[in-house]
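Numbered from 1 within each chain, the chains take letters A, B, ... in sequence-line order. Keep in mind it's a predicted model, so treat the numbers as computed, not measured.
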Amino acid sequence: MKIGYPCINLSLDCRSSKTFRLASYSEERMRLCIDNNLGCLAKILQYNLKHDLMFFRITSDLVPFASHPVCSFPWQAVYATALGKLGEFIRSKGMRVAMHPDQFVLINSPHEDVFTRSVSELLYHAELLDLMGVDETAKIQIHVGGVYQAKAASIKRFIARYQTLPEKIKRRLVIENDERLYDIHDCLEIHQATSIPIVFDAFHFRCNNRGELIGTVFGKVNKTWRKSDGIPIVDYSSQDPAKRRGAHAASVNMPDMEVLLSALQGFNFDIMCEIKDKEKSALQIVSALRSF
DNA sequence: CCCTGTCAAGTCACG
DNA sequence: CGTGACTTGACAGGG
């Protein structure tokens with residue numbers, strides 16, 4: 001079981017998601033930004049190794065505007081060596097990475113242009129991981145998408161669109177249950193038709209479920225991961241008591257976390273800890289697991 | 001330096 | 001109809 005956190009390390013004085021305004025785009029600016037981001041990613045990975053945080057979500061902003069038409073800069077060729085080195089570090093230390101494209105990536109959108117842009121963005125994610133040389137267990141995780149006032153049709157469109165995706169995307173793409181539109185059962189239905197693995201978001205499951213036992217559901221989710229996909233990914237967060245339903249907590253609630261671990265006892269999975277204070281909560285989980 | 005309006009991209013829910 | 005939320009604030013111009 002590997003423990004990780006998303007995108008940002010608050011203990012370090014750098015960010016791997018530095019970007020700039022489209023209006024100030026230039027090749028020079030791109031280079032400076034990517035240099036900074038890759039350098040920071042290297043620092044984060046070293047920090048993670050030192051603290052036994054063996055799972056990490058790499059920010060989608062690592063290469064700004066990578067899939068935008070304005071980007072004529074051949075980042076793939078220019079940064080192939082640097083990305084290969086980062087990947088070599090990840091592989092040699094037995095770490096796992098994943099990515100989570102943002103909300104604009106919707107492969108089931110009825111709008112063809114939204115779909116086209118989504119594919120470009122997914123290609124960027126896939127190329128980045130490919131250049132790192134990390135294996136198929138390094139996943140690209142998305143939500144199913146919008147409902148568009150017709151859920152069954154939108155699920156069908158997801159499945160049809162998925163079939164047309166390039167292999168380099170398909171081998172990494174996984175779907176995650178969300179907190180209002182598509183629950184685990186919807187994801188399982190899509191899995192039936194596509195064999196796509198399912199990320200189990202424990203917090204979203206809590207917000208959006210059909211009253212079933214978590215252990216039973218996870219048994220099904222567990223089977224959607226083939227050997228080459230690695231062990232399942234579980235996203236974890238807890239409710240911020242002061243905020244609206246679905247709002248992520250500021251720091252980890254350990255008793256809550258232990259309830260989850262007990263419910264999933266006997267399964268093998270990696271945990272992505274989606275808590276506002278990032279590595280701090282992930283570290284608490286690492287130390288709690290040592291004595292669990 | 002500090003302040004703050006705005007930033008590539010979509011969709012839904014809430015008021 | 002405008003705004004916030006989503007995995008994440010932070011860029012950049014003006015005072």
Bracket notation of DNA chain B in which parentheses pair within the strand, [ ] cross earlier pairs, and | pairs with another strand (Watson-Crick or G-U, under 3.5 Å):
|||||||..||||||
Spacing of the P atoms in B:dC2 and C:dC6 (rounded, Å)
29 Å
Using a 4.0 Å heavy-atom cut-off, does A:S67 contact any base of the nucleic acid, only the sugar-phosphate backbone, or nothing at all?
base
Near DNA chain B, under 4.0 Å by heavy atom, which residues of residues 42-58 of chain A?
none
If you measure from the Lys or Arg side-chain nitrogens to the Asp or Glu carboxylate oxygens, is any gap between A:D229 and A:R171 under 4.0 Å?
no
Just say parallel, tilted or perpendicular for the rings of A:F158 and A:Y162, cut-offs at 30° and 60°.
parallel
Between A:Y182 and A:N208: side-chain donor-acceptor atoms closer than 3.5 Å:
no
Within the 6.0 Å centroid threshold, strictly below: A:Y124 and A:W75
yes
Atom pairs, N/O to N/O, protein against nucleotides 13-15 of chain B, distance under 3.5 Å?
none

Nearest heavy-atom contact between A:D201 and A:N177 is N-OD1, 2.8 Å
CG of A:D178 versus P of B:dC12: gap in Å, rounded?
11 Å
In this structure, is the centre-to-centre distance between the rings of A:Y236 and A:F203 below 6.0 Å?
no
Starting from C1' on C:dC6, measure out to CZ on A:F203 and report it in whole angstrom.
12 Å
Cation over ring face, A:K223 and A:F218, 6.0 Å, 45°:
no
Spacing between A:E179 atom CD and B:dT11 atom C1', to the nearest angstrom
12 Å
C:dA10 and B:dT11, which share atom name P, separated by this distance in whole Å
27 Å
Could you tell me whether A:K170 and A:E136 make a salt bridge, using a distance below 4.0 angstrom between a side-chain N and a carboxylate O?
no
Residues A:R206, A:D256: salt bridge by 4.0 Å N-O rule
yes
Under the side chain to side chain donor-acceptor pair (under 3.5 Å) criterion, do A:N48 and A:E279 qualify, and how do the steps go?
CA-CA 9 Å; A:N48 290 355; A:E279 79 284 356; over 6 Å; no
Over how many whole Å does the gap from A:H125 atom NE2 to C:dT7 atom P extend?
14 Å
Please confirm whether the ring centroid of A:H51 lies under 6.0 Å from the ring centroid of A:Y47.
yes
Just by distance, with hydrogens left out, do A:E212 and A:H185 show a side-chain donor and acceptor under 3.5 Å apart?
yes
Taking atom P in both C:dC1 and B:dA8, compute the distance separating them and give it to the nearest angstrom.
26 Å
Under 4.0 Å from any atom of DNA chain C, heavy atoms only: list the residues of residues 139-147 of chain A that qualify, in numerical order.
A:H143
Looking at A:R57 and A:D235, does any basic side-chain N land under 4.0 Å from a carboxylate oxygen?
yes
Measure NE2/A:H68 against P/B:dC7 and give the value in whole Å, please.
13 Å
How far does the C1' atom of C:dT8 sit from the matching atom of B:dC7, given to the nearest Å?
14 Å
Would you list the pairs meeting disulfide bond (SG atoms under 2.5 Å apart) in which at least one residue belongs to residues 2-87 of chain A, sequence neighbours left out?
A:C14-A:C40
Between OG of A:S287 and CG of A:D52, what distance do you get to the nearest 0.5 Å?
10.5 Å
Look at A:H204 and C:dT7 and indicate whether a side-chain polar atom (N or O) is within less than 4.0 Å of OP1 or OP2.
yes
Tabulate protein N/O versus nucleotide N/O from nucleotides 8-10 of chain C, keeping only pairs under 3.5 Å, one per line.
none

State which residue, out of A:E274, A:E176, A:K139, fulfils the side-chain hydrogen bond (donor to acceptor under 3.5 Å, both in side chains) condition with A:H100.
A:E176
Just to be sure I understand the rule, does A:S24 reach a base, reach only the sugar-phosphate, or reach nothing, if contact means heavy atoms closer than 4.0 Å?
sugar-phosphate
Please give, in whole Å, the distance from C:dC11 C1' to A:N37 CG?
14 Å
Could you label the plane-to-plane angle of the A:F20 and A:Y25 rings as parallel, tilted or perpendicular, counting under 30° as parallel and over 60° as perpendicular?
tilted
Between A:L22 (CG) and B:dA9 (C1'), how many Å, whole number?
11 Å
Using the P atom in both, what is the distance from C:dC11 to B:dG10, to the nearest Å?
23 Å
With rounding to the closest Å, how many angstrom separate the C1' atoms on C:dT7 and B:dC3?
28 Å
Nucleotide C:dT7, atom C1' - distance to OH of A:Y236 in whole Å:
16 Å
What nucleic acid atoms does A:F65 come within less than 4.0 Å of, heavy atoms only: base, sugar-phosphate, or nothing?
base
